[in-house]
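Hydrogens, waters and symmetry mates play no part in the numbers below; they use all other heavy atoms, side chains included. Just so we're clear, the structure is a prediction, and the values are computed from it rather than from any experiment. The chains referred to below are lettered A, B, ... by the order of the sequence lines, with proteins before strands, and numbering in each begins at 1.
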Number of protein chains: 2
Amino acid sequence: MQQPDILQYLGVRDGIAERIGGGELKAGERLPSERQLQVGGGVARGTVREALFQLEAEGLIYRKDRSGWYVSPPPVVYDPTRWEGFMSYVEAQGRRPATETLSKTEIACDGMLAQIFSRPVGAPMYWIRRRRSIDDRAVLIESIVVDASLAPGLIDHDLDGSLTSVLKSIYGIGVARNKVDMRPCALIRGEAEALRVKSGLPGLSVERTCYDAQGRVVEFDREYWRHDALKVSVDIRVR
Amino acid sequence: MQQPDILQYLGVRDGIAERIGGGELKAGERLPSERQLQVGGGVARGTVREALFQLEAEGLIYRKDRSGWYVSPPPVVYDPTRWEGFMSYVEAQGRRPATETLSKTEIACDGMLAQIFSRPVGAPMYWIRRRRSIDDRAVLIESIVVDASLAPGLIDHDLDGSLTSVLKSIYGIGVARNKVDMRPCALIRGEAEALRVKSGLPGLSVERTCYDAQGRVVEFDREYWRHDALKVSVDIRVR
DNA sequence: GGGCATATTTGGTCTATACCAATTCTGCGC
DNA sequence: GCGCAGAATTGGTATAGACCAAATATGCCC
């Protein structure tokens, strides 16, 4: 029946990719259900799913659990070296950003944080967890730790907006240097749950350590992005 | 039989992850075959594979096609802002780097390249494709374009070593600024084939545009890394 | 129109089986 | 020890069926 020179699921993939590339299916639109996609070619559901997994890995489509597969919107451009907030740069790209604060508590500095902040173990820190969305799709979970002695009462403020501007305008905290670590990761457990994605979805973990002009660590931030939501762009002088 | 409060494949995942974390299986070692992993828990092969896919996504294991599943080595740290070659920083991390030149040809500048290099369409360029490995595992494919007028005869040199040092020592080309774009991607088609990985494996695409002190583009470089091989670390002054 | 219980649809998980091609192992001849 | 043919093993692909829980659609009551 089918050509043996091309894998069947790659053939199905190409068919769907064409319908997306050709404009028949537009960003945000739902694909036909897996069972509907079978009937066209007399192919097993498992094979259709294999094709969908490919397209998901490529970032062309994404899923809403038990609701369906949807065409992905374009990624946003993110420059972690800029001291500019999510709300600001997402909006500048014509998208609609949103932030939810999942939790904010005061914690005691543990060994790892003590080392990062050069503060004694037990020193008070604020720990903030937020979920950020673009056009109503959750795209990242972030976990922020701020030295409480530098920003007393921080968590009493509304943190659903820009943490950047709160730190700057209320506490006069500016950032002079940034250490940024990035690595491909899988979204699992807590992160997957909070983003409502299947465990194992590829992601990008971005870890930022922010220093002020005096070289003190003012903020330690770890973000888990879904892989299809961003493009990182950095412009730097070579050392 | 099994707890319904935990997905079965996640249970299998945990079991294997423990054997890796506990040191029973060490980096580079082969896992038991899929069919052997079934017998332990009376579980279908599809379920075992689902567990292996999870671990692969997390970067804990990787596969060699039709040979087996292996425990992943740790990632290398990569700083794209440094004008330091792959051979050098990989070795500095106690690993064994290798480079193969897949192809090197002179091409004519097309529209896209013309824009990047600010050169006329048709201007001569060198196009180099290389595969780079760490400890005998292919980790990235790169595609480099260099302005031929700045480095005449470049492709007559041996490019299996450091392109960096060839450009610097022979042509006196230094880099002052770097524009780096990174995005999570899927390794498919040519890239997947060259890296001998299954189509759809998560990866990281790193695109570098290198400028000299006069602001001329001297090199345009696109790298496709397998997701489990690297960690990007950048240190920068905030703008 | 809104609220609500119900039926349907949808993707998520799991089983069992089959065949293939690439790789790896085995054993023989030398 | 080496080379080589054949056998066995391994992961990759594909099928068909089943059941579940979450999400969505339906239709009724008010």
With a cut-off of less than 4.0 Å, is there a side-chain N or O of [X] near OP1 or OP2 of [N]?
X: A:R196; N: D:dA23; value: yes
X: B:T47; N: C:dT15; value: yes
X: A:R63; N: C:dT10; value: no
X: B:Q8; N: C:dG12; value: no
X: A:S33; N: C:dT9; value: no

Is B:K198 touching bases, backbone alone, or none of the nucleic acid, heavy atoms closer than 4.0 Å? sugar-phosphate
With heavy atoms under 4.0 Å as the rule, sort B:R49 into base, sugar-phosphate or nothing. base
Nearest-Å distance for atom pair CZ/P, residues B:R66 and C:dA22: 7 Å
Nearest to side-chain heavy atoms of A:R35, which nucleotide of D:dT13, D:dT10, C:dG11: C:dG11
Among C:dT24, C:dG12, D:dG12, the one nearest B:W69 by side-chain distance: D:dG12
Side-chain donor or acceptor of B:R45 under 3.5 Å from a matching atom on the base of D:dG12? yes
Salt bridge (Lys or Arg N to Asp or Glu O under 4.0 Å) contacts touching residues 97-112 of chain B (sequence neighbours left out): B:E100-B:R131
Indicate yes or no: does A:R129 engage A:E142 in a salt bridge with an N to O separation below 4.0 Å. no
Could you pull out every donor-acceptor pair under 3.5 Å between side chains of residues 155-163 of chain B and any protein atom, sequence neighbours left out?
{"residue": "B:H157", "atom": "ND1", "partner": "B:G153", "partner atom": "O", "Å": "3.3"}
{"residue": "B:H157", "atom": "ND1", "partner": "B:L154", "partner atom": "O", "Å": "3.3"}
{"residue": "B:D158", "atom": "OD1", "partner": "B:D160", "partner atom": "N", "Å": "3.0"}
{"residue": "B:D160", "atom": "OD1", "partner": "B:T101", "partner atom": "N", "Å": "3.0"}
{"residue": "B:D160", "atom": "OD1", "partner": "B:T101", "partner atom": "OG1", "Å": "2.6"}
{"residue": "B:S162", "atom": "OG", "partner": "B:T164", "partner atom": "N", "Å": "3.4"}
{"residue": "B:S162", "atom": "OG", "partner": "B:S165", "partner atom": "N", "Å": "3.2"}
{"residue": "B:S162", "atom": "OG", "partner": "B:S165", "partner atom": "OG", "Å": "3.4"}

